[in-house]
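Below is one structure, written out as structure tokens, with a few remarks after it.
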Amino acid sequence: ENIGTSASCSPLLSLLNSRFYHFSIYNLIKLPIFQIQSRKSHHFYFPSEARGGKFKMSRVFLHMLAFLWLCCWLTLTGEAQVDEMKYKDPKQPIATRVKDLLSRMTLEEKIGQMTQIDRSVANVNVMKNSFIGSVLSGGGSEPLPKASAEDWVNMINEFQKGALASRLGIPMIYGIDAVHGHNNVYNATIFPHNVGLGCTRDPSLAQRIGAATALEVRATGIPYVFAPCIAVCRDPRWGRCYESYSEDHKIVQEMTEIIPGLQGEIPPHVKKGFPYVGGKTKVAACAKHFVGDGGTIKGANENNAVIDWHGMLGIHMPAYSDSVIKGVATVMVSYSSWNGVKMHANRDLVTGFLKNTLKFKGFVISDWQGIDKITTPPGSNYTYSVQASIQAGVDMVMVPMLFEDFIQDLTLLVKSNVIPMDRIDDAVGRILLVKFTMGLFENPLADFSLVNELGSRAHRDLAREAVRKSLVLLKNGKSQSAPLLPLPKKVPKLLVAGTHADNLGYQCGGWTIKWQGFIGNTDTSGTTILSAINSTVDPSTQVIFRENPDADFVKSNNFEFAIVVVGEPPYAETAGDSTSLTMLDPGPNIINNVCGATKCVVVTITGRPIVIEPYLSSIDALVAAWLPGTEGQGVTDVLFGDYGFSGKLARTWFKSVDQLPMNVGDPHYDPLFPFGFGLTSESVRDLVTRSTSTAEFVRACIITIMATLLTSLYLIG
């Protein structure tokens, strides 16, 4: 009765009037029909008898049978079509979905998936028409200055809509460097760089930092991070040494616990080597840079690591094995070479060892223009670079700008049978595996549900904890009997001096907001060490700040003590390579002027050990704070004794650069401060508790002795 008014049946009603329907019924009853709708019901009529009344019921019954036959046919056809689109069905096994989607893809679509481009060259049309598999933000690449989380989400969703509009609707994966928190984004929590985290010796802390970073990255709509760096830095002259946890591979291995923090704890059923990303609050991680990047000659960035297989396997490879076991989704190849062979072209290590021996099933990604640098000069034979890198086992290429050239060259190489289709299918299959595993097909678009996680109080408190645990106390007092730390909070007047005392950019280091970092206090939000001192001391304490005071000023003010904060400027990659490893001027002059006139604690803000021995004798207390990030109160937490010092050197502190490279276990090992060194101190609270306990114990002993004496005298008398 209501068939004419049912929305669900409207397609069928349309079909009733179609030529196909007429043809089908004609073959059944040899006569076309049409329908006339009344207010109460549908009556079926033959045209020749439309004026003569209703047709016989037997003929109506035949029409209904035909109608039901068509319904069944449509249902079965629809189910068949759904069944064929297995890659869209989340109930299907991931391997089935990958196989199904791969079988549907053209060569052009496959090569698009292997292409990663920078956001500056991406737009909806490029994503749709070139089938781009991934977009990234390079260092400092943002939607607009001081962009909010919502700005990031809106930009990324726009790119994603372009990808979803392509023929097969394969979502793109957006990647970003998040190497010490979500470091490209305004107002994000900036954690200590890895050089400091290694000194905590605390893998669980690394895991919690990974989880917090994942939340902040997801808050901006991004599901993929180029972290962690698991290099083993064997020479502090390397400009990326602060990205390394330690010179000791064992510490680096322990700190790969950041991967379960970023991706989620891998379930027992996941096979070894397969990637795992645990939902919308986690991100795909990237172990980098494979392999030996921290072992180059004289620490030169992107240079040659001259080391035998035993050394490579024993020092630089173990953390990759651990990362694969923990389900890391991707691995980034190093710019560097191993014994003269560029890693981006090293099939033996990328395919032979990483994929075949370690059984890594995620995808391998190049570094920024990494394949260009296979040749000298870079890009001089781009077609060869494409061929060599893809044949070596690189699955996704961070092009990132001239993507048309990459697509054209790789297409030509495949069509010319230089690169077999099996290699392309392997690469794309790995990329799709990661995308399916992380739920990108089911949840391709981001929303604003996590925006409040960016720079949250909980994450800043965690960063503050990481800072205080990473600080290493190298000296405390000119004699053991007269320690300077912890400092008293209540004094008439104290001095704060140094280039790094009130500079958030210096405090955070490279890879913060911009690729090379920033200088000053306006590019993001945080607490400088000077601000932390002001909020920590007693309100009656007068804090005087002079960046570079002269000796007369210091002497004439009768300061109780001084805090001097000096160190390196921010830098990243090759810009940080240094043969001298000296602090930023006028750091030495500040130390001499201040520490020569009053008691001082020197806090170094550096990405590695620097030359400090010439000034050590004039310094009362020395603290290595590394690159602590936005939460400067972690420094004052231990300086003023709210917490004790606990950090231990994760790398050797040399006397002179002439000793380098020098690592623990070397025959010529003669450091200023050895690997593992770090003085400990108690918090003021613990000191008071211990002093009180000791006093009570002494008092009890005295009472016992007096009682014994009196009893003895009484008995004798």
Side-chain angles (χ1 to χ4, degrees), residues 116-128 132-166 169-191 210-227 261-264 277-286 329-330 400 434-435 437-460 511-514 523-525 630:
Q116 186 180 65
I117 64 175
D118 187 74
R119 56 159 291 278
S120 62
V121 296
N123 59 51
V124 171
N125 289 330
V126 165
M127 300 303 298
K128 177 184 176 181
I132 299 299
S134 184
V135 182
L136 84 151
S137 278
S141 181
E142 55 190 347
L144 66 155
K146 297 187 178 180
S148 67
E150 291 88 348
D151 292 328
W152 282 92
V153 169
N154 289 333
M155 176 192 72
I156 291 162
N157 279 349
E158 194 68 16
F159 295 148
Q160 189 67 280
K161 289 172 185 176
L164 296 175
S166 62
I170 304 173
M172 66 89 187
I173 182 171
Y174 198 100
I176 198 166
D177 287 282
V179 297
H180 62 139
H182 199 7
N183 49 260
N184 272 294
V185 177
Y186 177 75
N187 202 39
T189 306
I190 304 299
F191 292 91
T213 300
L215 280 172
E216 297 208 13
V217 171
R218 280 287 194 172
T220 57
I222 299 173
Y224 178 28
V225 298
F226 308 128
L262 290 165
Q263 298 192 156
V277 182
K280 294 173 70 175
T281 61
K282 298 297 181 181
V283 294
C286 179
T330 72
V434 170
K435 290 183 177 183
T437 298
M438 63 195 300
L440 203 55
F441 279 77
E442 286 65 56
N443 298 289
L445 297 173
D447 56 41
F448 298 153
S449 60
L450 296 174
V451 294
N452 291 331
E453 296 289 348
L454 188 69
S456 70
R457 183 73 266 158
H459 296 166
R460 292 186 183 275
W511 287 110
T512 310
I513 304 301
K514 301 178 179 69
D523 285 49
T524 195
S525 58
T630 52

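One-based numbering along the sequence shown.
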Audit row: Leu164, Met127, side chain to side chain contact (heavy atoms under 4.5 Å, CB included) steps and yes/no: CA-CA 9 Å; Leu164 296 175; Met127 300 303 298; over 6 Å; no
Side chain proximity check, Ser456 to Thr189, heavy atoms < 4.5 angstrom: no
Pairwise distance CG(Asp523) to CD1(Ile513) - rounded to 0.5 angstrom: 6.5 Å
Exam field: side chain His180 to backbone Trp511, donor-acceptor pair closer than 3.5 Å: yes
Nearest-0.5 Å distance, CG of residue Asn187 to CD of residue Glu216: 8.5 Å
Full working for side chain to side chain contact (heavy atoms under 4.5 Å, CB included) between Ser525 and Arg460: CA-CA 11 Å; Ser525 58; Arg460 292 186 183 275; 3.2 Å; yes
Glu453 side, atom CD; Leu215 side, atom CG - distance, nearest 0.5 Å: 4.5 Å
Considering all heavy atoms, the nearest Ala122-Phe159 contact: O-CE2, 3.4 Å
Salt bridge (Lys or Arg N to Asp or Glu O under 4.0 Å) contacts in which one or both residues fall within residues 134-145, not counting sequence neighbours: none
Met155 side chain reached by Leu144 side chain, heavy atoms, under 4.5 Å: no
Validation row: Arg119, Val135 side chains within 4.5 angstrom (heavy atoms): yes
Closest contact, heavy atoms only, Pro171 versus Leu440: CG-O, 3.7 Å
4.5 Å side-chain heavy-atom contact, Tyr174 and Ser137: yes
Beyond-backbone contact of Leu136 with Gln116, side-chain heavy atoms, under 4.5 angstrom: yes
Closest non-hydrogen atom pair, Cys286 against Thr330: CB-OG1, 3.0 Å
Backbone N/O of Ala446 and side chain of Asn157: donor-acceptor pair under 3.5 Å: yes
Straight-line distance of Glu158 CD to Ile156 CD1, nearest 0.5 Å: 12.0 Å
Spacing of Gln263 atom CD and Lys282 atom NZ [to the nearest 0.5 Å]: 9.5 Å
Worked verdict on Val121 versus Val126 for side chain to side chain contact (heavy atoms under 4.5 Å, CB included): CA-CA 8 Å; Val121 296; Val126 165; over 6 Å; no
Smallest separation among heavy atoms of Val434 and Ala329, with atom names: CG2-O, 3.6 Å
Residue that, paired with Val185, satisfies side-chain contact (heavy atoms from CB on, under 4.5 Å) out of Leu454, Ile222, Val217, Ile190: Leu454
Short side-chain donor-acceptor distance under 3.5 Å, Tyr224 and Ser134: no
Non-hydrogen atoms of Asn184 and Ser141 that approach each other most closely: OD1-N, 4.3 Å
Heavy-atom donor-acceptor pair, Asp118 side chain to Gly138 backbone, under 3.5 Å: yes
Side-chain (Thr220) to main-chain (Ala149) donor-acceptor, under 3.5 angstrom: no
Donor-acceptor contact present, side-chain Gln160 to main-chain Pro444, <3.5 Å: yes
Contact summary for Ala178 and Thr213, nearest pair of heavy atoms: CB-CG2, 4.0 Å
Donor-acceptor contact below 3.5 Å, side chain Lys280 vs main chain Gly439: no
Phe191 side, atom CZ; Asn183 side, atom CG - distance, nearest 0.5 Å: 11.0 Å
